[in-house]
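In what follows, a structure is listed as structure tokens, so that the remarks can point back to it.
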There are 2 protein chains.
Amino acid sequence: MTVQGDRRKFRREGADQRKEALVRATLGLIAEEGVRGATVRAIAERAEVTQGLIRHYFSTKEDLVLAAYTQHMDALTEQTFAKAEGATPRARLAALVVASVTPPVADAGSVALWAGFLTQVRQDARMQEVHARSYHGFRDRLEALIAEVLAQDGRAADSRDCRPLAIACNAVIDGLWLEGGALPDAFQEGELAAIAVQSVGAILGMNLTGTEAQE
Amino acid sequence: MTVQGDRRKFRREGADQRKEALVRATLGLIAEEGVRGATVRAIAERAEVTQGLIRHYFSTKEDLVLAAYTQHMDALTEQTFAKAEGATPRARLAALVVASVTPPVADAGSVALWAGFLTQVRQDARMQEVHARSYHGFRDRLEALIAEVLAQDGRAADSRDCRPLAIACNAVIDGLWLEGGALPDAFQEGELAAIAVQSVGAILGMNLTGTEAQE
DNA sequence: CGCGTAATTATACGCTTGCATAATTAACCT
DNA sequence: AGGTTAATTATGCAAGCGTATAATTACGCG
């Protein structure tokens, strides 16, 4: 004769699915409510489990946040480069630039997420590592693409020349990404994309406008 | 016969001085420990008062944070433009660009502060207002300076042309400011400044290099 | 000099937080 | 089938949070 209170029914799930659900819940909460809103209880509720389960999969909340940060940054880079398609290197670069300042990569939630994590990046060595890896990962791929574009034009394309260009292009992209996400109403539809393509073209000394649609 | 416990001695101060001390303590804590570390108790301790006094000057902690944010952003803009001196508009622009990506404007604390506040910007209408005012304040002054520079070269300088240029230049500056602050060890001394001057020059279609030292 | 009052301290309350631990139960194994 | 065990829930705890309120005290003013 069991007491049979109104104890909650549940299904057992694989560790990976549960972890991912918890990570998703964490990201959603930080994006919408800020780091402050991402409490253990709120995360559990959004993932439709009870709070104790979090401890079963992540030995501490810090670990969960680290996992969430890693996934978010990886997804951001991947999402951006996935759209960098085209016949010519120049077209791929233009497409990449446009994708960087256009939803879903550039939106208020992504920026809020990024900013929310930055605080913890300064205090947690593991977070710092993910941050550095993510930044360099993006920039190195950007530098490689820039090198391709320059080579196509018969211009010097070794790293000494390309590195500062990549840093500069990355900065414009980041700046516009940030401002678009933090102040969405300050710009017209497509305005940021046009400015981004124009500016990256200027920095590289070539005309990139229109190339994202070519071929 | 007073009980005379070891009650803390204190000095009375003007409202302005106390408010400013509390604001300074708040900014310092957010920069160093993150928003999480800026508790009422920690702020009071750093300002060398007891926590009750905060409520005497700010009716809520939110108000204190708003005051701190306002002061920080205003100081940042002011600090930057204060260094934008020079005989020619071109020299002033170059100096402004360099100052934007050089300490004390660009440093880890300032960036951390900015990121820490961004969360609250999305949730508090008053914070949002300060954010928008601060961004546009900086960009409008930048646009005016760009217009001067273009006019000197005999180029068109109305707002339709200058606005996108100002947005783009602002973005490079912000991007480099951000990356320098968030990842200080990834760049060499002066590297960001050189890239910034180079890139802004490219965007505006002119050579800005070296002008910050001229005259 | 002593009185009044605003500035400051002291204390406490109710809530939320992250984390620990014990009780339960769904699903797999033979 | 039924026992085993890992996944999940339920409950509790100590610490820290922002805020409220009452008790003190420094200081200007007559």
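Each chain gets a letter, A, B and so on, in the order the sequences are listed, and its residues count up from 1.
- Rounded to an integer number of Å, the gap from A:E13 CD to D:dA6 P is 18 Å.
- With respect to the salt-bridge test (charged N to carboxylate O, under 4.0 angstrom), the residues B:E33 and B:R46 do not qualify.
- Side-chain atoms of A:Q51 lie closest to C:dC19 of the nucleotides C:dC19, D:dT9, D:dT25.
- Along DNA chain D, the nucleotide nearest to A:R12 and the one nearest to A:V49 differ in position, and the one closer to the 5' end is contacted by A:R12.
- Contacts of B:F138 classified as ring pair (Phe, Tyr, Trp, His ring centres under 6.0 Å), with partners at least two apart in sequence or in another chain: B:F81.
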Check: residues 97-104 of chain B side-chain donor-acceptor pairs under 3.5 Å, at least two apart:
| unit_1 | atom_1 | unit_2 | atom_2 | d |
| --- | --- | --- | --- | --- |
| B:S100 | OG | B:L96 | O | 2.8 |
| B:T102 | OG1 | B:V98 | O | 2.5 |

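- B:L93 is listed as a side-chain neighbour of B:L142, based on a closest heavy-atom distance under 4.5 Å.
- Note on B:R7: every side-chain N or O is 4.0 Å or more away from OP1 and OP2 of C:dT9.
- Heavy-atom nearest nucleotides on DNA chain D were determined for B:V40 and for B:F10, and the one closer to the 5' end corresponds to B:V40.
- The shortest distance between the side-chain N/O atoms of B:T39 and the OP1/OP2 oxygens of D:dC17 is below 4.0 Å.
- Mapping B:R41 and B:L53 onto DNA chain C via the closest heavy atom, the residue that lands nearer the 5' end is B:L53.
- B:H56 has no side-chain polar atom (N or O) that falls below the 4.0 Å cut-off from OP1 or OP2 of C:dT8.
- Nearest to the side chain of A:K9, among C:dA26, C:dG18, C:dA10, sits C:dA26.
- Residue A:Y57 has a polar side-chain atom (N or O) positioned under 4.0 Å from OP1 or OP2 of D:dT8.
- For A:Q128, there are no side-chain hydrogen bond (donor to acceptor under 3.5 Å, both in side chains) partners at least two apart in sequence or on another chain.
- Using a 4.0 Å cut-off between a side-chain N of Lys or Arg and a carboxylate O of Asp or Glu, A:R24 and A:E48 do not qualify as a salt bridge.
- Interface residues of residues 60-72 of chain B facing DNA chain D, ordered by number: B:T60, B:K61; criterion, heavy-atom separation under 4.0 Å.
- Side-chain contact between B:I167 and B:R139 is present, with at least one heavy-atom pair separated by less than 4.5 Å.
- To the nearest angstrom, P of C:dT8 lies 13 Å from CD of B:E48.
- In this structure a side-chain-to-backbone donor-acceptor pair under 3.5 Å is missing from B:S134 to B:V130.
- Annotation: proximity of residues 16-30 of chain B to DNA chain C (heavy atom, distance under 4.0 Å) is found for B:R18, numbered in ascending order.
- The salt bridge (charged side-chain N to carboxylate O under 4.0 Å, His left out) contacts involving residues 112-133 of chain A comprise A:E62-A:R126, A:D63-A:R126, A:D74-A:R133, A:D124-A:R126, where partners must be two or more places apart or lie in separate chains.
- Look at CD on A:E45: it is 13 Å from P on D:dA10, rounded to the nearest Å.
- Under 4.0 Å is where a charged nitrogen must lie from a carboxylate oxygen, and between A:E191 and B:R163 at least one such pair does.
- In this structure, A:R36 atom CZ and D:dC17 atom C1' are separated by 8 Å, rounded to whole Å.
- Between the CZ atom of B:F58 and the P atom of C:dA7 there is a distance of 14 Å, rounded to whole Å.
- Between the P atom of C:dG18 and the CD1 atom of A:I43 lies a distance of 7 Å, rounded to the nearest Å.
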